[in-house]
*Asks:* 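Quick one: structure below, then a few questions.
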Amino acid sequence: MSAQDWGLLRSFRDVHGTMRTVRAEVAREILAAMGVEADDVPPPSPVRLVRAGAALNEPGELVLEDGSALGVVQRLPADLPYGYHALRRDDEELLLIAAPPRCPRPRERAWGWAAQLYAVRSAHSWGIGDLVDLAELAAWSRGLGAGFLMLNPLHAVAPLLPPEPSPYFPSSRRFRNPLYLRPELVPGASGAALEAASAQARLLNGARLIDRERVARLKMAALEVLWQPQGTGPRLEAYRAQEGQPLQNWATFCVLAEHFGGPWREWPAELRRPGGTAVRVFAAERRERVAFHAWLQWLLDEQLDAAARQLPLIADMAIGFDPEGADAWTWQDLLADGVTVGAPPDTFNASGQDWDLPPFVPWRLQQERLGPFIETIRAGLRHAGGLRIDHVMGLFRQWWVLPERGPAEGAYVRYPADELLAVVTLEAHRSGALVIGEDLGTVAPEMRRELAARDILSYRLMLFEGTDASAYPELAMAAVSTHDLPTIAGLWSGADLGQQARSGLVPDPDGLAKLRAPLATLVSPTSEVRSVILAAHARLAEAPSLLVASTLDDALAVEERPNMPGTVSPTPNWSLALPRSLEEIEADPFVARLAAALRR
């Protein structure tokens with residue numbers, strides 16, 4: 001056997017087209033992180049992709065996903081439904097995935113806003129944009145002719161102070177962040193105490209910088225007062241039954257984190273594994289607090305559902321999760337030990353990147369019958385008309401980083417892309433939702449072909465693609481910029497260079513000029529920034545791409561980008577609210593003009 005049999009790629013082509021070879025000692029360390037040696041034999045995968053009517057290589061007892069037992073078969077039924085089925089033999093049980101070949105496509109071309117929900121505050125917000133603000137934004141956008149709203153990840157963070165600000169570093173991708181709740185809409189919410197807390201929280205809207213710790217203290221205190229463990233009702237019980245053990249694990253993790261703090265690897269040894277007796281005893285002794293955290297997730301589900309009824313929402317799924325979070329605690333035996341996920345050196349980062357995200361070991365994920373991935377995709381599609389998969393290339397391969405060596409000296413590890421993509425198409429089919437693959441950066445052409453063959457939309461940016469709208473692919477979402485890149489105003493005014501300097505980076509005027517160049521072809525050098533914004537989006541609307549998006553940051557000519565990658569200070573990333581309230585946005589004539597340009 002070789003490293004290749006375990007998915008480790010011993011060579012790769014870098015961003016400059018040069019073939020690179022992974023050093024032998026690096027390969028050995030990465031294999032060790034998988035729990036194997038190069039001459040070990042990989043276990044056979046229990047996952048099979050199948051089609052209705054296909055012959056089996058040997059007979060087995062077929063049990064459909066709904067529990068129907070069809071007995072021993074040599075050939076799959078011609079009417080085999082899409083789903084996850086079991087084929088049982090004396091010595092094994094296989095997972096058969098019968099998936100549609102493609103994801104649903106948008107029914108027609110549409111435009112929409114891309115929004116960081118935390119930044120969209122109304123007069124009634126508790127210092128941070130929430131799901132009621134989302135419902136209002138969606139209803140207003142629908143009135144302008146928008147076909148969707150694309151959101152930052154709403155993933156859950158650990159219940160610790162201060163709360164983690166990055167939506168791409170969640171504790172769990174399967175649950176949501178209670179900071180997005182509006183307490184006044186909790187069933188039965190009323191009283192002077194709630195009104196006083198709400199008034200105090202609304203004062204936080206006066207500061208541009210979001211104070212998540214203060215928001216969390218006020219909002220959680222109010223929710224704890226509203227919590228009624230004896231009167232939760234049948235809808236909550238039905239939700240808890242539907243979500244089952246994953247929700248129980250999440251709620252238990254929250255209570256453990258509140259009690260012991262983080263990280264979970266420093267908790268008492270008997271509490272470090274979710275399936276242990278000590279964890280069950282701990283949860284039983286604190287069942288009301290566990291129920292409280294399950295209740296919060298139900299409230300989030302209800303408020304998100306109400307927003308999604310106004311306009312299709314495109315959810316965002318982060319590539320990974322916090323190594324000290326709930327998903328890592330739950331799936332710790334499936335994760336690689338002592339490595340993280342990142343990116344090799346490229347034109348934007350000569351040293352490479354380390355995202356501090358723990359990777360799944362591919363063969364272990366297969367032995368688990370892809371369960372964690374299925375749960376994650378299914379959760380992401382709940383109440384969503386679409387799903388954007390961040391760094392979709394991670395379904396094919398991921399750059400594993402040995403922290404002691406740094407991100408420049410890592411290796412690519414291959415993942416079972418066909419199986420993972422089958423899960424995506426199946427879950428999207430069941431939800432009736434479109435899928436967008438964030439395929440920015442260096443992308444192998446064959447990967448894009450695989451995605452396109454499954455009707456997974458590409459993600460194309462004018463700052464990279466240029467202004468020839470006719471050259472944009474149809475099967476794509478087209479936009480000018482994204483949260484990690486300069487806004488149009490930041491580019492046009494040069495203010496992004498100042499933000500780079502304030503964030504501790506060496507300003508890159510040449511890089512800024514390259515990104516600015518496409519915009520300069522649309523207007524004169526002296527054009528006012530709003531003219532540039534309007535011209536860029538008017539040109540974008542001419543593209544044949546099925547979806548076209550504008551960020552609310554560009555709609556308001558905001559100069560700061562939401563995130564300056566690789567920095568942590570002085571202005572925290574993911575923490576700037578939009579400079580205008582939702583009510584002011586709705587009344588802004590320029591925003592209406594921009595919507596009209598996109599609508600055309």
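This structure is a prediction, so every number in the text was calculated from the model and none was measured.
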*Asks:* What pairs with N177 under side-chain hydrogen bond (donor to acceptor under 3.5 Å, both in side chains), at least two apart in sequence or on another chain?
*Replies:* none
*Asks:* Stepwise, does the side chain to side chain donor-acceptor pair (under 3.5 Å) test hold for D301 with H383?
*Replies:* CA-CA 8 Å; D301 194 73; H383 303 311; 3.1 Å; yes
*Asks:* Nearest 0.5 Å, please: how far is CG in L475 from CZ in R102?
*Replies:* 10.5 Å
*Asks:* Taking the side chain as everything from C-beta on, heavy atoms only, tell me whether F169 gets closer than 4.5 Å to D356.
*Replies:* yes
*Asks:* Answer with yes or no whether the side chains of Q303 and R182 bring together a donor and an acceptor at under 3.5 Å.
*Replies:* no
*Asks:* Passes side chain to side chain donor-acceptor pair (under 3.5 Å), E136 versus S122? Steps please.
*Replies:* CA-CA 9 Å; E136 169 60 27; S122 69; over 6 Å; no
*Asks:* Look at D510 together with K514 and state whether they make a salt bridge at an N to O cut-off of under 4.0 Å.
*Replies:* no
*Asks:* Are there more than 12 heavy atoms of other residues, nucleotides or ligands under 6.0 Å from atom CZ of R309?
*Replies:* no
*Asks:* ring-ring contact (aromatic ring centres under 6.0 Å, His included) for F321 and F360? Distances and angles first, verdict last.
*Replies:* CA-CA 11 Å; F321 43 79; F360 283 107; 5.8 Å; yes
*Asks:* Any side-chain heavy atom of L512 within less than 4.5 Å of one from L491?
*Replies:* yes
*Asks:* Using the side chain to side chain contact (heavy atoms under 4.5 Å, CB included) criterion, which residues pair with E404? Sequence neighbours excluded.
*Replies:* L402
*Asks:* Residues in ring-ring contact (aromatic ring centres under 6.0 Å, His included) with F12, at least two apart?
*Replies:* W399, Y412
*Asks:* Do R397 and M393 come close enough that some side-chain heavy atom pair is under 4.5 Å?
*Replies:* no
*Asks:* When you compare the side chain of I436 with that of I389, does any pair of heavy atoms fall below 4.5 Å?
*Replies:* no
*Asks:* So, using ring-ring contact (aromatic ring centres under 6.0 Å, His included) as the criterion, who are the partners of W126 when residues are at least two apart?
*Replies:* none
*Asks:* Checking D390 now: which residues fulfil side chain to side chain contact (heavy atoms under 4.5 Å, CB included) with it, not counting sequence neighbours?
*Replies:* Y168, D316, I319, R388, E438
*Asks:* Charged N to carboxylate O under 4.0 angstrom, D588 versus R580?
*Replies:* yes
*Asks:* Heavy-atom distance under 4.5 Å between the side chains of I128 and K219, does that happen here?
*Replies:* yes
*Asks:* Not counting sequence neighbours, which residues clear salt bridge (Lys or Arg N to Asp or Glu O under 4.0 Å) with R208? List them please.
*Replies:* E560
*Asks:* Pairs under 3.5 angstrom only: tabulate donor-acceptor contacts from the side chains of residues 538-550 to other protein residues two or more places apart or in another chain.
*Replies:*
unit_1, atom_1, unit_2, atom_2, d
R539, NH1, T467, O, 3.1
S545, OG, P473, O, 2.8
S550, OG, H537, NE2, 3.2

*Asks:* Which residue pairs satisfy the salt bridge (Lys or Arg N to Asp or Glu O under 4.0 Å) criterion with at least one member in residues 589-600, sequence neighbours excluded?
*Replies:* none
*Asks:* Using modelled atom types only, decide if a donor and an acceptor are shared between the side chain of S431 and the backbone of E427 within a distance under 3.5 Å.
*Replies:* yes
*Asks:* Checking side chain to side chain donor-acceptor pair (under 3.5 Å) for the pair D553/T487: CA distance, chi angles, key distance, verdict?
*Replies:* CA-CA 7 Å; D553 306 88; T487 63; over 6 Å; no
*Asks:* Do P165 and P572 have side chains that approach each other closer than 4.5 Å (heavy atoms only, starting at C-beta)?
*Replies:* no
*Asks:* Can you name the ring-ring contact (aromatic ring centres under 6.0 Å, His included) partners of F175, sequence neighbours left out?
*Replies:* W250
*Asks:* Who pairs with R414 by salt bridge (Lys or Arg N to Asp or Glu O under 4.0 Å), at least two apart in sequence or on another chain?
*Replies:* none
*Asks:* Calculate, to the nearest 0.5 Å, the distance between atoms CG and OG1 belonging to D354 and T340 respectively.
*Replies:* 3.5 Å
*Asks:* Does anything in residues 479-496 form a salt bridge (Lys or Arg N to Asp or Glu O under 4.0 Å)? List the pairs, not counting sequence neighbours.
*Replies:* D496-R561
*Asks:* Decide yes or no for P163 and L179: does some side-chain heavy atom of the first lie under 4.5 Å from some side-chain heavy atom of the second?
*Replies:* yes
*Asks:* Among all residues two or more places apart in sequence or in another chain, which pass the side chain to side chain contact (heavy atoms under 4.5 Å, CB included) test with L204?
*Replies:* R214, V215, L218
*Asks:* May I have the step-by-step check of side chain to side chain donor-acceptor pair (under 3.5 Å) for S125 and N205, ending in yes or no?
*Replies:* CA-CA 7 Å; S125 301; N205 295 332; 5.0 Å; no
